[in-house]
Novice: 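Please see the structure below; I have some questions.
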Amino acid sequence: MQETASRTGSGTARMRQVEAEHGVHAKRGSSHLTQRTLAFVLAGGRGARLKQLTDRRAKPAVPFAGKFKIIDFALSNCVNSGVRHIAVLTQYKAQSLIRHIERGWGFLAANLGEYVDVVPAQQRTGESWYAGTADAVFQNLELLRETRAEYVLVLAGDHVYKMDYSIMLAEHVSSGADATVGCIDVALADGVNFGVMAVEESGRVQAFEEKPRQPRPCPDDPHRCLASMGIYVFSAALLCEELQRDAAVAESSHDFGKDILPRLVQRRRVLAHRYADSCVNMAGTRPYWRDVGTLDAFWEANLDLTHVVPELNLYDDQWPILSLPAQLPPAKFVFDEDARRGLAVDSLVSSGCIVSGATVRRSVLFSKVHVGEHSLVEDSVVLPGATVGRGVVLRRAIVDKRCVLPDGFKAGVFPLEDRSRFHLTERGIVLITPDMLGER
């Protein structure tokens, strides 16, 4: 109970602080703000660092945590925060993502004007596809005009975290900011992968540099820097103005981090919102946020969920992660003999799985995974519908959806053999896809 309270208490504390500072009840006051907000979820990226795992799907559509897809976290945060006007902008190999959202996110009250719309790239303003994150929103400004929203929440659809956006919205409005950027401190060496900010004591952003070669350290900690999470709040009128101005600049890359934010910092009031103030899931004293953009990071974030007390709390009824509710039978474990016992230890086993006389340790089995007799699965992530034959040994592996591993198959045992047949990461994680097995 104490652990759960520590992980969910930060957002409540911040709401009370906003109430004390600005004379409003943050939750009650922000409900009006969320109703006047349109969320653009940017979900068109390939996620090339996930290698063959995104050959057939966009990164936001990659399965995560046994039963979800990565995009479910951003969408759940919206719904739990009270933001019920959501446009998901897709582009790269979006069919599985579109299917997932249409089938799993159609429960909002349309009669109350609530919706999650999937918006494929449609070349609305010309013959080009999205040139950058800002261009993606610019090409869909008509959606913003239709809703008459006063505020715009821009989100990346490929991160894993739990955040109350209503707190960030309330802070944006009460501070009088033109734009607000969600930020988190990261190791200085990791700053090269983010937009890095210099911030005044008041929270106003002094400088913003996208993926700098030499990130600017935090004043109080030379080993860390303040990084953008790719979460932005804008006043709608200002955003329309800035995107139209940016679209007219031929040399612009039409990206929020590279172009829009650096220019706004110079001319407008841009506020840094500390993620710790609105985080719903604290990992000890740190706010939980993961960019599962590499195979090693994806494997590690999934395996963390098998710990006794994982950093990401998926069992929080106050802030549920929602997804497509698959109608599947319960997981099943069969045979109880010394040499043939179906069991799973320190593992997540999803609905529809059958572990038949096999052993599963410290692993995540997604829905409808079948594991055959005398097999051993350790420290592995097995995506939906995969079949593990008899006598298989699988260690430190990621097995893609619908793979069929034949009887006697081994991976994670002989690195040289793995490297010649599959993809082996720097940390020695083996990625196995149907194409590598010659199944497609």
Side-chain angles (χ1 to χ4, degrees), residues 11 14-40 42 77-78 81-83 85 133-134 137-138 141 144 148-156 163-185 194-210 216 218-219 226-246 255-279 287:
R14 182 55 183 164
M15 281 188 272
R16 291 172 181 165
Q17 182 180 349
V18 170
E19 177 181 357
E21 290 177 352
H22 305 291
V24 297
H25 190 294
K27 197 67 176 179
R28 184 166 59 243
S30 64
S31 66
H32 296 293
L33 300 180
T34 56
Q35 292 168 12
R36 288 143 53 195
T37 299
L38 171 65
F40 282 111
L42 305 178
N77 288 337
C78 283
S81 299
V83 178
H85 306 142
T133 55
V137 177
F138 171 73
L141 283 181
L144 175 57
R148 299 181 180 180
E150 295 179 44
Y151 307 101
V152 180
L153 177 64
V154 179
L155 307 169
M163 179 179 180
D164 189 342
Y165 301 136
S166 71
I167 296 175
M168 184 174 174
L169 279 162
E171 190 171 86
H172 172 81
V173 174
S174 64
S175 68
D178 296 300
T180 299
V181 183
C183 60
I184 187 171
D185 65 284
F194 297 91
V196 175
M197 294 176 281
V199 179
E200 298 175 358
E201 188 174 345
S202 65
R204 182 168 182 170
V205 180
Q206 293 176 312
F208 188 104
E209 186 177 5
E210 182 74 2
R216 185 180 307 198
C218 295
L226 195 61
S228 167
M229 301 168 66
I231 299 173
Y232 315 115
V233 175
F234 298 96
S235 300
L238 171 69
L239 180 62
C240 289
E241 177 185 324
E242 291 298 324
L243 290 181
Q244 288 167 347
R245 178 182 289 112
D246 177 74
D255 185 85
F256 279 108
K258 294 177 182 177
D259 307 290
I260 303 296
L261 267 302
R263 285 202 297 265
L264 276 178
V265 166
Q266 295 175 3
R267 300 184 295 104
R268 298 279 191 162
R269 178 176 170 78
V270 179
L271 182 75
H273 171 79
R274 301 275 182 165
Y275 173 45
D277 293 339
S278 55
C279 176

Novice: Find out whether Asp178 and Leu264 are in side-chain contact, i.e. whether some heavy atom of one side chain is under 4.5 Å from a heavy atom of the other.
Specialist: no
Novice: Could you give the distance from CZ (Phe208) to SG (Cys183), rounded to the nearest 0.5 Å?
Specialist: 10.0 Å
Novice: For Arg274, does the CZ atom sit with more than 12 other heavy atoms under 6.0 Å from it, leaving out its own atoms?
Specialist: no
Novice: Which is it for Leu169 and Thr180 under the side-chain contact (heavy atoms from CB on, under 4.5 Å) test, yes or no, and what are the steps along the way?
Specialist: CA-CA 8 Å; Leu169 279 162; Thr180 299; over 6 Å; no
Novice: Is the CZ atom of Arg267 crowded by more than 12 outside heavy atoms at less than 6.0 Å?
Specialist: yes
Novice: For Thr37 versus Val83, what's the shortest heavy-atom pair and its separation?
Specialist: O-CG1, 4.3 Å
Novice: Decide yes or no on side-chain contact (heavy atoms from CB on, under 4.5 Å) for Val270 and Met197, but give the supporting numbers first.
Specialist: CA-CA 11 Å; Val270 179; Met197 294 176 281; over 6 Å; no
Novice: Looking only at heavy atoms, what is the nearest atom pair of Ala207 and Arg216, with distance?
Specialist: CB-NH2, 4.0 Å
Novice: Measure the spacing between CE of Met229 and NE2 of His273 and express it to the nearest 0.5 Å.
Specialist: 8.0 Å
Novice: Taking all heavy atoms of Pro262 and all of Phe256, pick out the closest pair and write down the distance.
Specialist: CD-O, 3.9 Å
Novice: What I want to check is whether the side chains of Ser278 and Asp164 have a donor and an acceptor closer together than 3.5 Å.
Specialist: no
Novice: Apply the test side-chain contact (heavy atoms from CB on, under 4.5 Å) to residues Phe138 and Asp246: give CA-CA distance (whole Å), side-chain angles for both, the deciding distance (0.1 Å), then the verdict.
Specialist: CA-CA 9 Å; Phe138 171 73; Asp246 177 74; over 6 Å; no
Novice: Considering non-hydrogen atoms only, spot the tightest contact between Ala272 and Val199 and give its length.
Specialist: CB-CG2, 3.8 Å
Novice: Within this structure, what is the CD1-NE2 distance for the pair Ile167 and His172, rounded to the nearest 0.5 Å?
Specialist: 15.5 Å
Novice: Please round to the nearest 0.5 Å and tell me the distance separating atom CG of Leu261 and atom CD of Glu242.
Specialist: 10.0 Å
Novice: With rounding to the nearest 0.5 angstrom, report the CG to CG distance, Leu153 to Asn77.
Specialist: 9.5 Å
Novice: Before giving the answer on side-chain contact (heavy atoms from CB on, under 4.5 Å), spell out for Met168 and Asp277 the whole-Å C-alpha distance, their side-chain angles and the decisive distance to 0.1 Å.
Specialist: CA-CA 8 Å; Met168 184 174 174; Asp277 293 339; over 6 Å; no
Novice: Identify the two heavy atoms, one from Cys78 and one from Leu155, that lie closest to each other, and give their separation to 0.1 Å.
Specialist: SG-CD1, 3.5 Å
Novice: Do the ring centers of Tyr151 and Tyr165 come within less than 6.0 Å of each other?
Specialist: no
Novice: At their closest point, which heavy atom of Met163 faces which heavy atom of Ile231, and how far apart are they?
Specialist: SD-CD1, 3.7 Å
Novice: In Å and rounded to the nearest 0.5 Å, what is the SG to CG distance from Cys218 to Asp185?
Specialist: 6.0 Å
